[in-house]
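Reviewing the structure listed below.
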Amino acid sequence: MCNEQYEESKLYQIRHSAAHIMAQAVMEMFEPGEAKIAIGPPIRDGFYYDFDLPRNLTPDDLKAIEKRMRQIIAKKEPFVKTVVSAEEAKEQFADQPYKLELIEGLEAGGVDEYGDEIQGETEISFYTDGEFVDLCRGPHVENTGEINPAAFKLQSIAGAYWRGDEKNKQLQRIYGTAWETKEDLKAHLKFLEEAKRRDHRKLGKDLDIFTFDEEVGPGLPLWTARGTAVIEAIENLAYETERNHGYRNVRTPHLTKEDLFLRSGHLPYYADSMYPPMEMDGSNYYIKPMNCPFHHKIYNSKQHSYRDLPVRLGEYGTCYRYEKSGELFGLMRVRSMQMNDAHIYCTPDQFEQEFIDVINIYLEYFKIFGIEKYVMRLSTHSDKGLGKKYVDNKEMWVKTEQMVRDAMDNAGVPYVERADEAAFYGPKIDVQVWSAIGREFTLATNQVDFAVPERFEMKYTDEHGEEQIPLCLHRAPLSTHERLVGFLLEHYAGKFPVWLSPEHVRVIPITDAHIEYAKKLADELYAAGFHAEADLGNARMNAKIRAAQKMKVPYMLVVGDQEMADGTVSVRNRDGEQMNGVAFAEFKAMLAEKVASRDAEL
RNA sequence: GCCGACGUAGCUCAGUUGGCAGAGCACCCGCCUUGUAAGCGGGAUGUCAUGGGUUCAACUCCCAUCGUCGGCUCCA
């Protein structure tokens with residue numbers, strides 16, 4: 001459901017009304033004037049309300065609040081709208097500082113009670129149900145009885161900064177979910193359970209892809225042999241694709257003197273998210289949080305003619321960023337990451353083609369991975385951020401943003417624009433994707449950099465023999481290994497296509513008599529470059545098949561007397577399809593073709 | 001970093017008012033010699049996250065630290 005439809009739906013009113021009823025129930029828990037209320041909008045699947053309370057809420061409180069909400073619902077109190085003047089509003093909420101701030105915002109105009117910009121006349125209104133009055137533009141259901149008492153549930157308590165600013169006071173937020181029917185609620189809770197099963201953190205453990213260890217440190221994943229197999233398949237794809245698009249690979253160190261990051265301009269902006277420096281021989285050395293400046297130095301290591309451009313330097317570089325502890329999230333936000341990085345140096349004339357070529361690389365990858373739902377987002381600067389978040393050069397911002405728009409429009413690639421989301425050195429196209437369980441991620445990025453080439457004094461000689469400054473593109477179509485594998489685990493629910501699979505094939509002997517043969521086949525497959533294992537454990541064949549199924553191994557080779565006698569295998573795929581009497585050489589050839597083709601089907 | 005919850009075997013989890021640390025799966029051993037999603041029997045498995053404290057006695061109560069999770073903030 002798109003936003004506009006949602007905002008006009010009954011469900012939206014139900015959730016909005018449930019938020020009011022919840023606030024009412026919370027207010028009743030405290031002495032008059034003790035509980036301060038902030039805002040409480042509907043959100044996807046539910047609603048929340050923010051409170052400033054004399055004590056912290058506990059999970060037990062949620063049960064009591066739910067109970068009280070059901071009592072309010074039973075009263076069938078009508079929701080009544082009253083349009084008031086700013087003065088009346090201030091009088092009503094004299095002891096509610098957050099509401100007063102909102103009213104002042106409404107009075108000043110241009111901003112609604114959630115801080116979003118609004119157009120047209122600002123009308124201040126109340127919604128009243130029973131004893132409870134809230135500053136609200138509505139709409140709501142007719143009366144509290146329209147909320148199904150069996151179709152809502154309070155879910156969690158969280159801290160949330162007033163107006164989303166960490167300099168402000170942190171409020172207590174209660175999240176709830178509300179639906180029209182009990183069945184809808186049950187379905188939603190079931191979906192949440194299902195999402196847990198498809199969570200990359202669980203799948204990563206079950207499928208033995210990666211692990212974290214407290215002694216190693218938070219946000220520092222360890223890739224197992226199986227995980228590394230997946231990563232290497234991705235790297236092969238990247239190297240092959242980039243080769244086809246004219247990239248050259250480079251390699252750079254993990255450490256550098258601070259001078260480099262001072263020149264790049266990163267240090268003043270990002271020192272907080274870098275690991276602290278190591279002092280050595282009178283210099284401060286930093287572990288690299290990005291690869292860019294190294295590539296710039298490689299560009300600068302020799303002269304360039306316009307005839308050499310574009311120069312495209314690629315590297316799967318490992319970077320380290322000190323993400324704040326609360327920001328870490330499985331493989332999706334980590335402190336060590338290997339980026340599918342590359343920098344393209346080109347003339348302004350070449351910009352459009354280069355930019356679109358990067359977009360085309362995305363599209364190639366999305367096709368291979370079967371990623372159908374994505375949104376390209378053009379992130380632009382904001383004037384208020386100039387000189388702070390953004391390089392202070394408005395002319396270049398406006399110019400490069402238009403260059404990106406033109407490139408996207410001319411290529412016919414749809415995108416949305418979002419202001420105040422750019423990198424500090426230029427506008428960018430981020431690609432948002434959604435995993436199978438609905439989680440949104442920025443996967444790929446394609447960034448224009450008009451600032452750094454000048455800082456690094458990068459040059460090329462044009463056809464008139466004059467020195468020019470190139471443009472730079474930063475791009476990471478496959479994101480980082482960490483984020484991509486995390487995403488793909490959820491995207492495929494662990495059922496990797498054969499070419500990406502951590503284990504292509506598992507050989508299963510039927511009895512002890514076939515162990516040697518099974519081992520021989522697995523060794524031969526491994527030597528031929530496949531990820532092959534033999535299950536030689538003390539268990540029945542059926543149990544071994546079950547184990548392989550649970551690991552989502554695409555192919556199982558079951559071998560017994562028959563197969564040993566005639567040099568064949570019984571091929572079973574993870575969809576349960578079975579082919580008996582396949583010559584081993586034939587299977588090997590089929591697997592080789594399957595892996596090379598990157599075919600999604602078994 | 002902030003608010004809150006949680007941390008017991010490799011995994012998933014139980015553990016009563018403070019009184020001998022448990023189950024299933026996995027693992028190891030044995031039996032069976034098996035034909036496409038769990039054969040049977042036996043066995044080993046713990047710094048109850050870490051460090052303090054209270055107590056005759058702490059997995060259990062208190063404090064601190066570390067880590068994870070749900071959010072907020074952030075994501076070059």
Side-chain angles (χ1 to χ4, degrees), chain A residues 48 50 56-59 61-62 155-175 192 196 199 201-202 205-206 208 211-219 261 264-274 288-293 319 321-330 332-334 337 339 389-390 421-426 428 430 441-442 445 447 449 452 474 476 480 483 508-515 537-550 556-563 570-574 576-580:
Chain A
Y48 68 79
D50 286 347
N56 283 342
L57 294 169
T58 67
D61 288 324
L62 292 190
Q155 292 167 297
S156 60
I157 306 160
Y161 298 105
W162 166 237
R163 297 209 138 155
D165 187 335
E166 66 180 325
K167 289 188 209 74
N168 290 339
K169 178 157 189 183
Q170 191 161 46
L171 308 175
Q172 296 190 69
R173 175 173 296 179
I174 302 177
Y175 281 97
L192 294 179
K196 269 190 209 163
D199 189 303
R201 290 165 297 188
K202 173 157 178 55
K205 192 176 273 181
D206 291 350
D208 186 22
T211 185
F212 286 96
D213 187 291
E214 284 194 24
E215 283 187 34
V216 175
F261 291 123
S264 69
H266 284 107
L267 208 45
Y269 283 87
Y270 300 113
D272 283 353
S273 26
M274 287 166 69
K288 67 175 171 183
M290 78 286 294
N291 307 299
C292 327
C319 300
R321 296 178 184 179
Y322 187 78
E323 305 286 0
K324 288 194 255 170
S325 60
E327 291 161 353
L328 300 174
F329 177 65
M332 297 306 195
R333 276 295 283 284
V334 288
M337 69 210 79
M339 290 178 66
K389 274 168 82 176
Y390 307 116
E421 290 277 335
F424 79 85
Y425 42 66
K428 59 179 178 174
D430 281 335
F441 296 102
T442 301
T445 186
Q447 309 177 343
D449 191 332
V452 144
H474 304 244
T480 62
R483 188 170 285 190
I508 297 173
I510 291 177
T511 76
D512 293 356
H514 316 115
I515 283 179
N538 178 13
R540 208 146 285 233
M541 172 203 64
N542 302 48
K544 291 181 180 183
I545 288 173
R546 182 178 148 85
Q549 286 287 152
K550 285 179 80 174
M556 287 151 255
L557 301 185
V558 179
V559 294
D561 287 340
Q562 189 66 43
E563 288 74 17
S570 168
V571 182
R572 180 200 157 99
N573 71 24
R574 67 183 167 208
E577 291 158 358
Q578 192 183 335
M579 274 195 312
N580 293 331

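Fair warning: this is a prediction, and the values are worked out from it, not measured in the lab. Here is the naming used below: chain letters follow the sequence lines, and residue numbers restart at 1 for every chain.
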[N] phosphate, OP1 or OP2: any side-chain N/O from [X] under 4.0 angstrom?
X      : N     : result
A:S156 : B:G71 : no
A:R201 : B:U68 : no
A:R546 : B:C25 : no

Any N or O donor-acceptor pair linking the side chain of [X] to the base of [N] at under 3.5 Å?
X      : N     : result
A:Q170 : B:C2  : yes
A:R540 : B:C32 : yes
A:E327 : B:G71 : no
A:Y161 : B:G1  : yes

Got a salt bridge between A:D165 and A:R163, using NZ or NE/NH1/NH2 to carboxylate O under 4.0 Å?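 No.
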A:E563 near the nucleic acid: base, sugar-phosphate alone, or nothing, with a heavy-atom cut-off under 4.0 Å?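 Contact class for A:E563: base.
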Tell me the interatomic distance from A:I157, atom CD1, to B:C2, atom C1', rounded to whole angstroms.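 Answer to the nearest Å: 16 Å.
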To the nearest angstrom, how far is A:D61 atom CG from B:G4 atom P?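 Whole-Å distance recorded here is 13 Å.
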Within a reach of under 6.0 Å around NZ of A:K389, are more than 12 heavy atoms found that belong to other residues, nucleotides or ligands?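 Result for NZ/A:K389: enclosed.
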Mind checking the CD-OG1 spacing from A:E421 to A:T442? Nearest 0.5 Å is all I need.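 Between A:E421 CD and A:T442 OG1, I get 8.5 Å after rounding to 0.5 Å.
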